[in-house]
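Below is one structure, written out as structure tokens; comments come after it.
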Amino acid sequence: MSQRFIVTKADEEAPIGETGGSYGAVPGQELNHSASNDAGKHVGQYAVIYGDDSDRNKDNEPLASNDELSPFSNQMALYEDDLSERGKISQIINRISNYQAGIEPNISEQYSDKPKQAKLGTLLGVYLPTIQNIFGVLLFIRMTWIVGMAGALESLGIVIICCCTTMLTAISMSAIATNGVVPAGGSYFMISRSLGPEFGGAVGILFYLGTTVASSMYIIGSIEILVKYMAPQMSIFGDMDIQANAFNNYRVYGTCVLILLAIIVFIGVAFVSKFAALSLACVILSIFSIYIGIFVANPDSSLSICTLGDRLMSSKIVEVNGTFMCSKSPNISGGIFSTYCTVFNGTTDCRGDYLEDHQAKTIPGIPGLGSGVFVANLNNRYTRKDKIIGTDTSSVSQAEIIADITSSFMVLLAIYFPSCTGIMAGSNRSGDLADASRSIPTGTIAAIATTSFVYITSVIFFAGTVEGDLLRDKYGASINGGLLVAKLAWPNEWVILVGSFLSTLGAGLQSLTGAPRLLQAIGSDGVIPFLKVFSVTTKRGEPFRALIMTVLISEVGILIASLDDVAPIITMFFLMCYGFVNMACALQTLLRTPSWRPRFRFYHWVLSLIGMALCITLMFISSWYYALAAIALAFFIYKYIEYKGAEKEWGDGIRGLAMSAARYSLLRLQQGPPHTKNWRPQILVLMKMDENLQPKYPNMINFASQLKAGKGLTLINSVVEGDFKERYADAQAAKQTLNKLVESTGVKGFADLVISADITAGLCHMIQNAGLGGLRHNTVMIGWPYGWRHDHNAKSYRVFLEAVKNINAGQMALLAVKGINNFPPSSEKLKGTIDPQDILDNVHRSPAQVKIQLETVTEEGLPTGLNTESSTDEEKLEKHQYTFTPSSLKSDKKATSPPSPVNDLLSMKPDQRNVRRMHTAVRLNEVIIEKSHESQLVILNLPAPPKTEAGELNYMEFLEVLTEGLDRVLMVRGSGHEVITIYS
């Protein structure tokens, strides 16, 4: 062996790398080298010895010489074999093109000419936008009514449950935000890249629908504030106290406002951003005004309300000619007395005794925190529709306040929950944040904590400040149709009216701005093919098509007109979205996904699990039929994306769950052999490939699927002859062809391919090692070697025989198919019989409801046809069932089969044995042709293969004679472990 390198002491005076000596050097005068300097090269006082491969070492060469451009970088000689074979550029391009595990670039980058500089911090980028989106119209026009109906205790329960749900979801969102680099596409990109295409698409659609329907809720709320409380004279359809008139006004004005806002969104996005600041200021100012009004409220400055017993009177009854007169005196025209009683010819006729038994009194509606009304407002006063509020009594006059809907804990929770949504507003600006991983968790959780504090204190203050009956007056009919929160505010009600109107309008504008961009992002992702049409934008980057779709969906919500009916729909969409987020985080933690490493220190998978459970519980508590509809929609979207085959490889926890479940199941199967009752046909199909690496007999897959009737496992394996290093690319192409064949035929199975220097050895490895763990094949299907007689190469039939011997040695069932090209496809149905030929007393039954004809061989070895025609219809079988296994047969000597006639034949002399075999084959073939010439399939017992090479050729001849003249033949050989089930 030649010496490659001589390592000597380095020159301490010369810095490393400056001498050019790389692997070793010796003083120059000690070297004997030729003039051509093939073996070494002088560098100063040293010489570099390149050894045996000196002609390939190019460490000392410059990056580019005058003679030629070197393909190797300096100091890269260690990898020059790779570089010379493929080249650096081609290698890099190939690796990039085959890279599948990373996060795809954000689609918003496609439309950005210049990268935006991220400047926003936690306060302006996350905290304030999230507060603006959480505080909505329900705080101003429904919060007091919820407190009055549910009472302080149950109202606190509703608020705490909803706020805990959003807080736990925010913690999960924080885990996603701190798991690596936050994409600059907002909440949808964060969620979808963590959940995967299927769940990402489903969550994206639910998030979009929730945001879109929320815009209709905000618009309806703003119109209610405008037409009912600010300017009732704007009513087109008459009295706003009549619900039908109010809803018609909401529809007309709401549609006009929707069109106006859509135009603003399309032509003035800059205006939307500026209006957001004004809207936020209005929200903050309105809340401060309410808090100040709560603390300054007292009985002296309070507005007055009129009650008759425990019934709150409408202001239209107690106000006569503009004067508040809470009295049941008959002298007051149009007052309380006139609504309960009628006077005709001096006779008074009153509806019941309630007027006479109770007194009318004037009380302060907002007595203040020191009045003690908090105790009276602790418990709920739920009311059914068309009943007097706070009671279970129907109205006998038009004086009382009547409930317009049936209230309960579940109904109020569904109406209130949209007040807690909007927690993803900060993450929607992830691309504009200086440090998204820090700002999103801090800002979102702080915003939820702030709004939760406001909601909880509002419940307590409203219950402790306002009279209970007035709280239950949803539309302020007892206070001249005024907004209760506005009456409570300081210094004037118009602060709340204007502030709530502008803030609600701004929230609707924000929803109409964000929803189209979300739909455009989903369409551009391509996970839902039919939404691809919405990925188109204008020259200015505006998603016009998505905006039109958003307006149409929002219009549907506006046409519903009832805020109390629209709110539960929003609740379902957002609860589904939040539930998916929590589920994804919990799964990825439990499954220990390698790419899941959140840095948020307060995250724990238990919190995500609790959040998911809360979301599901709240959905069914709020409305079980809405919950089922939302789940069905999400399931449909998921299955649609899965059916279409999402090409995005974002990774998700569900695939990790599938892997964990598969591992668990495989380990369970590994614990021991399956019970006979759990037996399933696990078929290994040995598929032959032609010279073009295409399946030569693809019909074998269809036949295997028909045999197992969709049960068990199907493995389609093949062997390609050659060297693995040279034919790897061919193997991958052939494997892809097999996978496409499996997919096109609809067979539930797996395809694989092995490259082997010898086909026989490759098939042997397949028979031994196919499958995984306890999920292995118990039956092998192999095709007949057609044309073996005319092939001078004995290998053509020896491959078949060796495979049969290996299968027999492995104690597996064998199915040898002859005439496979004549077998029908799965879509074609043949009428006729399946004839199992009972040779050696081994009867195989056909599938149920298929007519069969049985043929047998007598004990003396002479073929005799039995004209028995039977059916395996279950109706003709008795109820008694007996199961026999090989072990039970061994214990029963009476059940032992007599010596086989074929074994007797095999014990004869060689010359006579072949004659007898051929004679048996001819006679059997005659009987089979006679009895089964019209049969669609003939099933035969496959004789045992010869143990020596001397009888292989004769064995093949016998099988040819036995099956001659038959179109479709299935030769079967058992494994020796068959279980026979007998019905008697």
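As the structure is a computational prediction, the values presented were derived from the model and not from experiment.
With no hydrogens or angles considered, no side-chain donor-acceptor pair links Thr393 and Lys387 at under 3.5 Å. Thr571 and Tyr626 share no donor-acceptor pair across their side chains, judged by distance under 3.5 Å alone.
Atom CZ in Phe374 sits 10.0 Å away from atom OG1 in Thr465 (nearest 0.5 Å). How far CZ of Phe337 is from CD1 of Ile317: 14.0 Å, rounded to the nearest 0.5 Å. Between atom CZ of residue Arg381 and atom OG of residue Ser407 there is a gap of 11.0 Å, rounded to the nearest 0.5 Å. The structure places CD1 of Ile294 at 10.0 Å from OG of Ser289, a figure rounded to the nearest 0.5 Å. Annotation: the span from Tyr229 atom OH to Trp494 atom CH2 amounts to 13.5 Å, rounded to 0.5 Å. Lys316 contributes atom NZ, which lies 6.5 Å from atom OG of Ser314 (distance to the nearest 0.5 angstrom).
Contact of the Met424 side chain with the Phe574 side chain is not registered, since no non-hydrogen atoms from C-beta on lie closer than 4.5 Å. In this structure, the side chains of Thr169 and Leu614 stay at 4.5 Å or more apart for every pair of heavy atoms. For the pair Lys474/Asp564, a side-chain contact is recorded, criterion being any heavy-atom separation below 4.5 Å from C-beta on. The closest side-chain heavy-atom distance from Glu224 to Tyr250 is below 4.5 Å. A 4.5 Å side-chain heavy-atom check between Ile402 and Ile388 finds at least one atom pair inside the cut-off. Residues Ile448 and Ile134 form a side-chain contact, since some pair of their non-hydrogen atoms from C-beta on lies under 4.5 Å apart. Counting only heavy atoms from C-beta outward, the side chains of Ser562 and Ile405 never approach each other to under 4.5 Å. No side-chain heavy atom of Asn249 sits under 4.5 Å from any side-chain heavy atom of Ile223.
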Could you give me the CA-CA distance, side-chain angles and deciding distance for Ser215 and Ser554, then say whether side-chain hydrogen bond (donor to acceptor under 3.5 Å, both in side chains) is met? CA-CA 6 Å; Ser215 68; Ser554 182; 3.0 Å; yes

Quick one: do Cys163 and Cys420 satisfy disulfide (SG to SG under 2.5 Å)? Show the steps, please. CA-CA 6 Å; Cys163 291; Cys420 299; 4.0 Å; no

Pair Leu633-Leu209, side-chain contact (heavy atoms from CB on, under 4.5 Å): steps then yes or no: CA-CA 11 Å; Leu633 177 62; Leu209 291 175; 3.7 Å; yes

Where do Leu303 and Leu470 land on the side-chain contact (heavy atoms from CB on, under 4.5 Å) test, with the steps shown first? CA-CA 11 Å; Leu303 53 85; Leu470 183 56; 4.1 Å; yes

Working note: Asn133 + Gln510, criterion side-chain hydrogen bond (donor to acceptor under 3.5 Å, both in side chains); need CA distance, chi angles, decisive distance, verdict. CA-CA 8 Å; Asn133 278 265; Gln510 290 288 337; 5.4 Å; no

Check against side-chain contact (heavy atoms from CB on, under 4.5 Å), Lys228 and Leu483: CA-CA 9 Å; Lys228 197 171 186 66; Leu483 183 61; over 6 Å; no

With side-chain contact (heavy atoms from CB on, under 4.5 Å) as the test, would you mind laying out the steps for Ile264 and Phe275 before giving the verdict? CA-CA 11 Å; Ile264 293 175; Phe275 192 81; over 6 Å; no

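For Phe295 and Phe461, the gap between ring centers is short of 6.0 Å. Ring centers of Phe135 and Tyr455: under 6.0 Å apart, within the cut-off.
Nearest approach of Ile423 to Thr444, heavy atoms of both residues: O-CG2, 3.4 Å. Listed here is the closest heavy atom pair of Leu312 and Asp469: CD2-O, 3.4 Å. Taking each heavy atom of Tyr578 and Cys615 in turn, the nearest pair found is CB-SG, 3.7 Å. Annotation for Leu563 and Met217: closest pair CD1-CG, 3.2 Å, computed over non-hydrogen atoms. Pairing each heavy atom of Gly151 with each of Ser155, the nearest pair is O-OG, 2.6 Å. Shown here for Tyr218 and Ser511, the closest heavy-atom pair between the two residues is CE1-OG, 3.6 Å.
Within a 6.0 Å sphere centred on CD of Gln233, other residues, nucleotides and ligands contribute more than 12 heavy atoms. No more than 12 heavy atoms of other residues, nucleotides or ligands lie within 6.0 Å of CZ in Phe453, so this atom counts as exposed by the packing criterion. In Met230, the CE atom is crowded: over 12 heavy atoms of neighbouring residues, nucleotides or ligands sit closer than 6.0 Å. Counted within 6.0 Å of CZ on Phe324, heavy atoms from surrounding residues, nucleotides or ligands total more than 12; the atom is thus considered enclosed.
Below 30°, between 30° and 60°, or above 60°: for His358 and Tyr354 the angle between ring planes is below 30°, a parallel geometry.
When atom types are taken as modelled, the side chain of Thr307 and the backbone of Asp310 share no donor-acceptor pair closer than 3.5 angstrom. With Ser500 contributing its side chain and Leu497 its backbone, the two residues share a donor-acceptor pair below 3.5 Å. Using a distance-only test at 3.5 Å, with no hydrogens or angles considered, a donor-acceptor pair links the side chain of Ser302 to the main chain of Gly365. At distances below 3.5 Å, at least one donor-acceptor pair connects side-chain atoms of Asn377 with backbone N or O atoms of Val466. In this structure, Arg251 contributes its side chain and Leu559 its backbone to a donor-acceptor pair below 3.5 Å. No donor-acceptor pair under 3.5 Å is formed between the side chain of Asn298 and the backbone N or O of Gly368.
Cation-pi contact between Lys328 and Tyr340: absent, since separation from the ring centre below 6.0 Å together with deviation from the ring axis within 45° is not met.
Listed by chain and number, the residues in a side-chain contact (heavy atoms from CB on, under 4.5 Å) with Met325 are Val320, Thr323, Ile332 (sequence neighbours excluded).
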